[in-house]
Amino acid sequence: MSLAGKVAFVTGAAQGLGKAFSEALLKKGAKVEAFETVISCFGGLDIMVNNAGIANEHNYALMVNINLTGVITGTNMAIDLMNREKGGRGGVIVNIASTAGITPEAYFAPIYTGTKHGVVGFTRCWSMNPYIAKMGLRFACLCPAFTDTQILCSTITDYPEDAQKIIQQVGINKVETVTEGFMQLVEDNQCNGAVMVITAQNGIQYHRKPHGISRM
Ligand SMILES: NC(=O)C1=CN([C@@H]2O[C@H](COP(=O)(O)OP(=O)(O)OC[C@H]3O[C@@H](n4cnc5c(N)ncnc54)[C@H](O)[C@@H]3O)[C@@H](O)[C@H]2O)C=CC1
Ligand SMILES: CCCCC/C=C\C=C\C(=O)C/C=C\C/C=C\CCCC(=O)O
C-alpha cells in the first residue's frame, strides 16, 4: 500500500509506540487524524491502528475495557467507515497485542495476558472472514515482547523481581524495531491475517498462520 495521502487513526498516540507509529506514517505521507476529523475533513479512513493499552492487574475491569473492549470497539467503528460495500475505501486494521497474547510467560500478569490473547484471537478471526475481500479490508496483529516505553516502567515497579527475571531472559525491543515491523504490516497488501512477533533476540518474525477450521 502506498501511504501518500492515506488517512490513518492511531489510538493512544500521545506517547510510546502509538507516537512512534504515527510519526512513521506521517513520514511516508499519510495523514494521522482524530476520529471526528477523519470523517468531516477527509471523508474516510484507510488505516486503523488499535494501539492504546495499559498494564494494571489491580483494576482488571479497566484493563479489559481498554485493552480488549477498546480494540473491538475501534475495529467495529473502522469496519463501518472502511467497508467498500458501504461507500468506504477499504484498508487495513492493525491491532497491537503482545507476545503475551501468544505465550503465557508473563505469569505475574494473567489479566494482561488474557486481554492480549483476546486481541490476537479477535484479529485472526476477522482475517479469516470470507466477506472481507469484498469489503476491501485486511487485518493484522502486532505482538512485540518487552519494548522500551513507559508501560514497561510501571511493570518493573509493580513486579520488580518477576519482571526483571523475564526481561533478563528475553531482553527489551527498541521502539524503532517495533515501528519497522508495524510499517511492514501496514504497507504489505498481502499480509491479511499476519501475526507478527518481535523479540530482542530474534527480531521481526511471523507467527504461523492458522489453517482454516481446526481439527482438534
Ligand atoms: N512496551 C511494551 O513492552 C509493549 C507494549 N505493548 C502494547 O503496545 C501498546 C502501546 O503501549 P506502549 O506505547 O508501550 O505504552 P505507553 O504506556 O507508552 O502508551 C500507551 C498509550 O495508550 C494510551 N491510553 C491508555 N489508556 C487509554 C484510553 N483509555 N484511551 C485512549 N488512550 C489510552 C496512553 O495515553 C498512551 O498514549 C499497548 O497496547 C501495549 O499493551 C505490547 C507489547 C510490549
Ligand atoms: C507482561 C505483563 C505486564 C505488561 C506491561 C508491560 C509491558 C508489556 C510487555 C508485553 O506486552 C510483553 C509481555 C510479555 C513478554 C513475556 C515474555 C516474552 C517471551 C518472548 C519469547 O518467547 O522470546
Side-chain angles (χ1 to χ4, degrees), residues 9-25 32-36 48-75 77-78 93-120 122-123 140-182 185 195-208:
F9 181 71
V10 182
T11 68
Q15 62 180 51
L17 290 174
K19 188 174 177 202
F21 297 160
S22 303
E23 287 168 355
L25 290 166
V32 184
E33 292 300 331
F35 223 78
E36 301 75 35
M48 178 72 188
V49 186
N50 289 297
N51 163 77
I54 61 166
N56 184 346
E57 292 291 312
H58 307 294
N59 190 344
Y60 73 85
L62 179 68
M63 187 155 67
V64 171
N65 199 20
I66 295 173
N67 291 11
L68 183 55
T69 310
V71 170
I72 295 170
T73 306
T75 300
M77 288 169 73
I93 297 172
V94 181
N95 291 333
I96 311 305
S98 159
T99 48
I102 296 173
T103 64
E105 285 171 62
Y107 57 84
F108 55 91
I111 304 162
Y112 182 84
T113 298
T115 63
K116 295 301 185 178
H117 270 69
V119 173
V120 173
F122 173 73
T123 311
C141 197
L142 181 61
C143 296
F146 296 106
T147 305
D148 189 12
T149 69
Q150 199 66 39
I151 200 172
L152 200 51
C153 304
S154 59
T155 307
I156 293 171
T157 312
D158 286 352
Y159 305 96
E161 285 174 23
D162 301 283
Q164 290 288 7
K165 199 166 79 185
I166 302 183
I167 290 169
Q168 267 170 20
Q169 284 166 11
V170 303
I172 299 180
N173 285 317
K174 289 184 181 152
V175 169
E176 296 76 43
T177 313
V178 178
T179 305
E180 186 190 330
F182 163 76
L185 293 177
V195 176
M196 179 184 277
V197 174
I198 306 182
T199 61
Q201 284 166 335
N202 298 319
I204 298 171
Q205 294 178 315
Y206 286 91
H207 194 64
R208 79 183 157 70

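Position 1 is the first residue of the sequence, and the numbers go up from there. For ligands, and for the atoms within them, numbers begin at 1 and follow the listed sequence.
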**Q** Starting from atom 2 (C) of ligand 2, what is the nearest protein heavy atom, named by residue and atom, and what distance separates them?
**A**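 Nearest protein contact, heavy atoms only, for atom 2 (C) of ligand 2 is Ala109 CB, 3.3 Å.
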**Q** How close does the nearest protein non-hydrogen atom get to atom 43 (C) of ligand 1, and which residue and atom is it?
**A** Pro144 O, 3.1 Å
**Q** What is the closest protein heavy atom to atom 10 (C) of ligand 1, and at what distance does it sit?
**A**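 Going atom by atom, the protein heavy atom closest to atom 10 (C) of ligand 1 ends up being Asn51 OD1, 3.2 Å.
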**Q** Closest heavy-atom contact between Ile102 and Cys143?
**A**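 Where Ile102 meets Cys143 most closely, the heavy atoms are CD1-SG, 3.8 Å.
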**Q** Can you name the one residue among Ile156, Asn173, Ile167, Thr199 that meets side chain to side chain contact (heavy atoms under 4.5 Å, CB included) with Phe146?
**A**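 Only one option passes, and that is Ile167.
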**Q** What's the shortest distance from atom 14 (O) of ligand 1 to any protein heavy atom, and which residue and atom give it?
**A**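 Here the closest protein heavy atom is Thr149 OG1, 2.5 Å.
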**Q** Mind listing the closest non-hydrogen atom pair of Thr147 and Leu17 along with its distance?
**A**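 That closest heavy-atom pairing would be CG2-CD2, 4.0 Å.
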**Q** What atoms of ligand 1 come closer than 4.0 angstrom to any heavy atom of Phe146?
**A**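 Close to Phe146: 3 (O).
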**Q** What are the atoms of ligand 1, with element, lying closer than 4.0 Å to any heavy atom of Ala97?
**A**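 By the 4.0 Å cutoff, the relevant atoms are 6 (N), 7 (C), 42 (C), 43 (C).
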**Q** Students should be able to answer this: which protein heavy-atom is nearest to atom 22 (O) of ligand 2, and at what distance?
**A** Glu105 OE2, 3.3 Å
**Q** Could you tell me the separation between the CE atom of Met196 and the CD atom of Glu180, rounded to the nearest 0.5 Å?
**A**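 Atom-to-atom, Met196:CE and Glu180:CD are 8.5 Å apart.
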**Q** What's the shortest distance from atom 5 (C) of ligand 1 to any protein heavy atom, and which residue and atom give it?
**A** Leu17 CD1, 4.0 Å
**Q** Name the option, out of Gly53, Gly16, Ala13, that contains the heavy atom nearest to atom 20 (C) of ligand 1.
**A**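 The residue whose heavy atom sits nearest atom 20 (C) of ligand 1 is Gly53.
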**Q** Among protein heavy atoms, which lies nearest atom 3 (O) of ligand 1, and at what distance?
**A**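 Residue, atom and distance for the closest contact: Thr147 N, 2.7 Å.
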**Q** Can you check whether a protein heavy atom sits less than 4.0 angstrom from atom 35 (O) of ligand 1?
**A**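 No, no protein heavy atom sits under 4.0 Å from atom 35 (O) of ligand 1.
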**Q** Just go through Val197, Thr155, Ile167, Val170 and tell me whose heavy atom is the nearest to atom 3 (C) of ligand 2.
**A** Thr155
**Q** Indicate yes or no for a side-chain donor-acceptor contact from Thr11 to the backbone of Asn51 under 3.5 Å, with no hydrogens or angles considered.
**A** yes
**Q** Can you tell me if Glu57 uses its side chain to pair, donor with acceptor, with the backbone of Met63 under 3.5 Å?
**A**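 No.
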**Q** Measure the spacing between OG1 of Thr149 and NZ of Lys174 and express it to the nearest 0.5 Å.
**A**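 These two atoms lie 15.5 Å from each other.
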**Q** What distance separates Leu142 CG from Ile198 CD1, expressed to the nearest 0.5 Å?
**A**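 Output value for this atom pair is 5.0 Å.
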**Q** Would you find a donor on one side and an acceptor on the other, under 3.5 Å apart, between the side chain of Asn95 and the backbone of Cys141?
**A** no
**Q** How close does the nearest protein non-hydrogen atom get to atom 32 (N) of ligand 1, and which residue and atom is it?
**A** Ala52 CB, 3.5 Å
**Q** Check whether any heavy atom of Cys143 sits under 4.0 Å from an atom of ligand 1.
**A** no
**Q** May I ask you to identify, for Ile54, whether its side chain, its backbone, both or neither come under 4.0 Å of ligand 1 on a heavy-atom basis?
**A**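 It is the side chain that touches ligand 1; the backbone stays farther off.
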**Q** If you count the atoms of ligand 2 from 1 in the order shown, which ones are under 4.0 Å from a heavy atom of Ala55?
**A** 4 (C), 5 (C)
**Q** For the residue pair Tyr112 / Asn67, report whether a side-chain donor-acceptor contact shorter than 3.5 Å exists.
**A**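 There is no such pair between these side chains.
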**Q** Work out whether the distance between some heavy atom of Lys116 and some atom of ligand 1 is less than 4.0 Å.
**A** yes
**Q** Hey, is the main chain of Ile96 close enough, under 3.5 Å, to the side chain of Lys116 for a donor-acceptor pair?
**A**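 Here the side-chain-to-backbone pair exists.
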**Q** Only heavy atoms count here, so choose which of Asn95, Ile66, Leu62 is nearest to atom 26 (N) of ligand 1.
**A**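 Answer by nearest heavy atom: Ile66.
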**Q** Heavy-atom contacts with Thr99 under 4.0 Å: which atoms of ligand 2 show up? List them by number with element.
**A**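 Checking each atom against Thr99, I get 12 (C), 13 (C), 14 (C), 15 (C), 18 (C).
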**Q** Looking at ligand 1, would Ala20 count as a contact under a 4.0 Å heavy-atom criterion?
**A** no
**Q** Looking only at protein heavy atoms, which one is nearest to atom 1 (C) of ligand 2, and what is the separation?
**A**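 Ranking protein heavy atoms by distance from atom 1 (C) of ligand 2, first comes Ala106 CB, 3.5 Å.
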**Q** Taking the six-membered ring for Trp, are Tyr159 and Phe108 parallel (under 30°), tilted (30 to 60°) or perpendicular (over 60°)?
**A**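 Plane angle between 30° and 60°, so tilted.
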**Q** In Å, rounded to the nearest 0.5 Å, how long is the span from CG of Asn65 to CD1 of Ile72?
**A**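 Asn65 CG to Ile72 CD1: 10.0 Å, rounded to 0.5 Å.
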**Q** For atom 16 (P) of ligand 1, what is the nearest protein heavy atom, given as residue, atom name and distance?
**A**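 Nearest neighbour among protein heavy atoms for atom 16 (P) of ligand 1, to 0.1 Å: Gln15 NE2, 3.4 Å.
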**Q** Of all the atoms in ligand 1, which lie at a distance below 4.0 Å from a heavy atom belonging to Tyr112?
**A**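 Near Tyr112, the atoms of ligand 1 are 6 (N), 40 (C), 41 (O), 42 (C).
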**Q** Could you check atom 8 (C) of ligand 2 against the protein and tell me its nearest heavy-atom contact, residue, atom and distance included?
**A** Tyr112 OH, 3.5 Å
**Q** Can you tell me the protein heavy atom closest to atom 23 (C) of ligand 1 and the distance?
**A** Gly12 CA, 3.6 Å
**Q** Is any N or O atom of Ser98, backbone or side chain, closer than 3.5 Å to an N or O atom of ligand 2?
**A**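 Yes; at least one N/O pair falls below 3.5 Å.
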**Q** How far is atom 16 (C) of ligand 2 from its nearest protein heavy atom, and which residue and atom name does that atom have?
**A** Phe146 CE1, 3.6 Å
**Q** Would you indicate which of Ile151, Thr113, Thr147 comes nearest to atom 7 (C) of ligand 2 when only heavy atoms are counted?
**A**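 The residue whose heavy atom sits nearest atom 7 (C) of ligand 2 is Ile151.
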**Q** Please report the interatomic distance NE2(His207) to OG1(Thr99), rounded to the nearest 0.5 Å.
**A**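 The OG1 atom of Thr99 is 11.0 Å from NE2 of His207, to the nearest 0.5 Å.
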**Q** Write out the residue and atom name of the closest protein heavy atom to atom 23 (O) of ligand 2, then the distance separating them to 0.1 Å.
**A**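 Minimum-distance protein heavy atom for atom 23 (O) of ligand 2 reads Thr199 CG2, 3.8 Å.
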**Q** Looking at every heavy atom in both Pro144 and Ala97, which two are closest together, and how far apart are they?
**A**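 Minimum heavy-atom contact is CD-O, 4.0 Å.
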**Q** Please report the shortest heavy-atom distance between Cys153 and Thr157, naming the atom on each side.
**A** O-OG1, 2.7 Å
**Q** Could you tell me the separation between the CG atom of Asn56 and the CG atom of Asp158, rounded to the nearest 0.5 Å?
**A** 7.5 Å
**Q** Just jot down the ligand 1 atoms closer than 4.0 angstrom to any heavy atom of Gln150, in number order.
**A** 18 (O)
